[in-house]
**Q** 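Below is one structure. I have some questions about it.
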Amino acid sequence: MRVELYERIWLWIGSAMIVFFLAIIVSSSAMHAVHPPSHVETIDPGTVLSDSEFSHPRIETHADGSVEVIGTAEMYVFKPGTIRVRRGKPVTFRLTSADVVHGFQIVGTNANATLLPGYISQFTLAFPNAGEFLIVCNEYCGLSHHLMQARLVVEEAP
Ligand code: CUA
């Protein structure tokens with residue numbers, strides 16, 4: 001079987017593009033801490049608001065400055081609405097949805113999670129820069145999706 005020169009050229013270009021895209025995925029996961037979800041923990045979305053853990057969204061600051069955030073997303077509000085953490089200290093988020101799919105993106109940081117009903121999204125991050133950051137829902141969740149926001153305040157460690 002004879003393969004035309006142009007076909008061979010395009011086969012090589014196509015193969016090179018696949019290798020190039022795979023290299024981008026591997027290098028971004030290694031260098032920019034972009035991780036696929038690795039925490040699988042389920043919860044009945046119908047009981048989130050009466051759940052012993054998630055019925056009281058809160059921020060727990062430990063003696064070493066690390067913080068645990070227990071939060072929920074529902075149409076169209078994040079709880080807690082303001083999250084205060086210390087700069088450079090690890091922050092563990094435990095988040096879930098009480099109704100539909102919501103997003104949880106902290107603009108200007110690499111915190112970006114999808115909150116699926118039935119699952120608890122957990123991730124730990126430290127924020128290297130002090131300041132105020134907008135938290136937005138980046139999954140369309142209904143008519144007031146665009147109003148769904150919260151804020152993260154990163155304070156200088158005392
Ligand atoms: Cu919640 Cu969009």
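Indexing begins at 1, ligand by ligand and atom by atom, following the structure's order.
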**Q** How long is the span from the CE atom in M75 to the CE atom in M148, to the nearest 0.5 Å?
**A** 9.5 Å
**Q** Check whether any N, O or S atom of M148, backbone or side chain, sits closer than 2.8 Å to atom 1 (Cu) of ligand 1.
**A**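 Here the distance criterion (N, O or S atom, under 2.8 Å) is met by M148, so yes.
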**Q** State whether H102 contributes an N/O/S atom found under 2.8 Å from atom 2 (Cu) of ligand 1.
**A** no
**Q** Decide whether L152 and L147 are clustered together by the hydrophobic rule: side chain heavy atoms of Ile, Leu, Val, Met, Phe, Trp, Tyr closer than 4.5 Å, transitively.
**A**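 Different hydrophobic clusters.
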**Q** Using a distance threshold of 2.8 Å, state whether an N, O or S atom of C141 lies below it from atom 1 (Cu) of ligand 1.
**A** yes
**Q** Between V69, I120, T72, which is the residue that forms a side-chain contact (heavy atoms from CB on, under 4.5 Å) with R94?
**A**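 Per the side-chain contact (heavy atoms from CB on, under 4.5 Å) rule, the option paired with R94 is I120, out of V69, I120, T72.
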**Q** Parallel, tilted or perpendicular: which describes the rings of F123 and F93, with under 30° parallel and over 60° perpendicular?
**A** parallel
**Q** Report, rounded to 10°, the angle at atom 2 (Cu) of ligand 1 between the two atoms O (E139) and ND1 (H145).
**A**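 It comes to 80°.
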